[in-house]
2 protein chains.
Amino acid sequence: METITIKDIARALNLSTSTVSRALRNSYEINTETKKLVMEYAEKMNYRPNPIALSLRDSKSKSIGVIIPEIANNFFSQLINGIESIAYNLGYHVVIFQSHESYEREVANTNYLVSRKVDGLLVSLSSLTTNLHHFEELMEKGLPIVFFDRVPNEIETHKVVADNFFGSYEATEHLIKTGRKRIAHITSPIYLSITTERLAGYKKALEDYGIAFDESYVKYCHHGGKLASENEAAMQELLDMAEPPDAIFPASDRLTTGCLAVLQKNNIRIPDDMAIVGFTNIGVAELLNPPLTAVVQPAMEMGQQAVELLIKLIEHPKKTIEYETKSFRTSLMIRESSTGKVHA
Amino acid sequence: METITIKDIARALNLSTSTVSRALRNSYEINTETKKLVMEYAEKMNYRPNPIALSLRDSKSKSIGVIIPEIANNFFSQLINGIESIAYNLGYHVVIFQSHESYEREVANTNYLVSRKVDGLLVSLSSLTTNLHHFEELMEKGLPIVFFDRVPNEIETHKVVADNFFGSYEATEHLIKTGRKRIAHITSPIYLSITTERLAGYKKALEDYGIAFDESYVKYCHHGGKLASENEAAMQELLDMAEPPDAIFPASDRLTTGCLAVLQKNNIRIPDDMAIVGFTNIGVAELLNPPLTAVVQPAMEMGQQAVELLIKLIEHPKKTIEYETKSFRTSLMIRESSTGKVHA
DNA sequence: TCCCCTCCCGGCAACGTTCCCGACAACGAT
DNA sequence: ATCGTTGTCGGGAACGTTGCCGGGAGGGGA
């Protein structure tokens, strides 16, 4: 691993390290020929500045940390693609951590990333996070943070979200218009921003169409791995009701597939006995049985927007900026799970 | 971002930095009381050693780089979960990069990770990589690399793979035993290890059951995004044959969903007109239409094994080790896409 | 001739940490 | 009293880079 340093170049060319450094940065106070000499030699020896030394010097790492609940989820992995494409072009390095829906791991990851001197953080909250102290502290210390998807109300900074109210309204409206009366909503814990927003859209649609809101048709579940049974239990409760729902609207990727599995296991015909519309970016929605109607978020664009805002924050820290919340429209992809056209 | 350093502690306690450093490392040559004093003060002030300074000092970063074709793929994201769980416990930090099936990006990512001084690399080759020079060079310089899934024959190091031959044999055998005669195989470019191994298993099963191998039933496609049309074209060629196949065996996640989409678009009944078995870790296989028979790889375990081997290599570099190739058995999950039982 | 200014370039410190090399006191042994 | 030992600690260098300061050579103007 003998990497060449500025010192090596200086020694080889009989110059000082300062001169070499400035020559490489194309400083005006270095003779043109000297610059050429240095740059050609550096090129020849394949010199690459040591980013660690640079980080130590001016405590900047040209890297940003991303904390998400989990990677194995289409919405988040698409979002990461968006983040990476932009960050890469702007010379930033992306470090990804998963909270696995655990508050403790979220805190641990945050601390780790900060000790690694990331220049900023991109965060989507874990479903078990109620205490935001670890982020508040960092923001007070001046570390730029941009939240996306699951964002905290209590913290003021840039945020990037989908128009959850609209997406949820549109989905619910669609179910109503296709004749459903008893629409259940399975969603995340109530202290998540996406939960309240989607719940609100759901309620508003019911209200606008004169359907009474029934709390017993709403179930709150965690997303996390071990808690998948929670999802199943909630579904079972719904199915066991005196008047079970005739449609279900799960509010996330994980919940959607969970619901589908339970319905399939109980041999419930979709959409005949139960319509379903998922708030999900799952890639194979049209290959499902039946093809799944879905509220799709522009995940890639959301990732791009988030990282752009973050980098703006990093590179212009002085500017006391108006923090903004970018909202992206979702799109409703109507398929058979909610309409029941042909059905192979 | 005023973080406390060893110097601050030294100044506050009227000691030298050396003493503080040794006290914190619990060195035997420091007075017990002094140690206690230092450690308590450090604890109180929430001192955390600066990993960047440490990296600079002994050019180790306690971090490992992962280069994979893409994250938005169940096999790889499960694998990453395995990698992270182990690495985290062993005090290593995981940096993930996607090659997006591009040779250029693979090289760029490799260089970047190396310049960031990762202690080792975990790599699954892009489908367009034929030149391995960038990895060979690093290995000569002493950087530990472990390959997984798509591994190069030409490089000697630890490797972690699925038993692709077996998985492919078993899938093909299953199709034969359920009465299929003309089994097509859609796979990756031939210079990928997984391609040749899976192809070999496929051929062997045909041979063992007395079915002649027909090259025109094998199609080679790239995985990458823009090249999805390639997959579609290959499928169409198969369907347009004089004697089209009665079963299809795609060799990866992406290819499997691609094939399913084409079949659906052409209104081909599965499994009546065409059976399908996918070499895929897709999470919703049983929710597909129809539920998909799949060769599943123990992705998480493979990730764990790979990172364990890598860290062993990193931490015991002197030991001239016998390089080993760990092979994991796949499991065949039989569902309706290949059997055609009930079919809602 | 003297002075000042411009053009180049080198020396040094600093970022945070550890390691090597000493230094000095106290103490027992000779 | 002298010497080596042990127990504690400090000083300095080093990792790679950049910024500040300073300095010499050469040229132009008074």
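Note on naming: letters A, B, ... go to the chains in the order of the sequence lines (proteins, then strands), and numbering restarts at 1 for each one. Side-chain atoms are counted along with the backbone in the values below, which use heavy atoms only and exclude waters and symmetry mates.
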*Grab the CZ-P distance between B:R57 and D:dG16 for me, whole Å please.*
12 Å

_I want to confirm an ordering. Mapping A:E29 and B:V20 to their closest nucleotides on DNA chain D, which one lands closer to the 5' end?_
B:V20

*Under 4.0 angstrom, heavy atoms only, what part of the nucleic acid is A:S21 near: base, sugar-phosphate, or nothing?*
base

*Name the nucleic acid region contacted by B:N14, choosing base, sugar-phosphate or nothing; use a 4.0 angstrom heavy-atom cut-off, strictly under.*
sugar-phosphate

*Separation of C:dT18 P from B:N26 CG (nearest whole Å)*: 13 Å

*Among D:dT18, C:dT17, D:dT8, the nucleotide that comes nearest once only the side chain of B:Y47 is considered*: C:dT17

*What about A:R22, does its side chain sit under 3.5 Å from the base of C:dG10 through a donor-acceptor pair?*
yes

*Once you round it to whole Å, what is the distance between P of C:dC7 and NZ of A:K35?*
12 Å

_Applying the side-chain contact (heavy atoms from CB on, under 4.5 Å) criterion to A:L143, which one of A:L313, A:L121, A:L113, A:D119 satisfies it?_
A:L121

*Does B:T34 have a side-chain nitrogen or oxygen under 4.0 Å from the phosphate oxygens OP1 or OP2 of D:dC9?*
yes

*Can you check whether A:H158 and A:F148 have ring centres sitting under 6.0 Å from each other?*
no

_What I want to check is whether an N or O donor and acceptor connect the side chain of A:R25 with the base of D:dG19 at under 3.5 Å._
no

*Measure from CG on B:L13 to P on D:dC9 and round the result to the nearest Å.*
11 Å

*Listed nucleotide nearest any side-chain atom of A:N31, set D:dT18, D:dG16, C:dC8*: C:dC8

_So, OP1 or OP2 of C:dA14: does either fall under 4.0 Å of a side-chain N or O from B:K7?_
no

*asked:* Heavy atoms only, 4.0 Å cut-off, all strands: where does A:I30 land among base, sugar-phosphate and nothing?
replied: sugar-phosphate

*asked:* Among C:dG16, D:dG16, D:dC9, which nucleotide has an atom closest to any side-chain atom of A:A53?
replied: D:dG16

*Any Lys/Arg nitrogen of B:E101 or B:R150 sitting under 4.0 Å from an Asp/Glu carboxylate oxygen of the other?*
yes

*Would you confirm whether the ring centroid of B:Y47 sits within less than 6.0 angstrom of the ring centroid of B:Y41?*
no

*Using atom NZ of A:K117 as one end and atom P of C:dC15 as the other, report the distance to the nearest whole Å.*
13 Å

_Nearest whole Å is fine: how far is D:dG16 C1' from B:L54 CG?_
15 Å

*Of the nucleotides D:dT17, D:dG10, C:dT17, which one has an atom closest to the side chain of B:L15?*
D:dG10

_Phosphate OP1/OP2 of C:dC9: any A:T19 side-chain N/O under 4.0 Å_ = no

*asked:* If only side-chain N and O atoms count, and only distance matters, is there a donor-acceptor pair under 3.5 Å linking A:N109 with A:Q98?
replied: no

*Distance, rounded to the nearest Å, where A:L56 contributes CG and D:dA14 contributes P*: 17 Å

*Which residue lies toward the 5' end of DNA chain C, A:T17 or A:Y28, if each is placed at its nearest nucleotide?*
A:Y28

_Gap between atoms CZ and P, on B:R48 and C:dT17 respectively (whole Å)_ = 12 Å

*Go through the N and O atoms of the side chain of B:S18 and the base of D:dG11, and report whether any donor-acceptor pair is under 3.5 Å.*
yes

*Just say parallel, tilted or perpendicular for the rings of B:F135 and B:F147, cut-offs at 30° and 60°.*
perpendicular

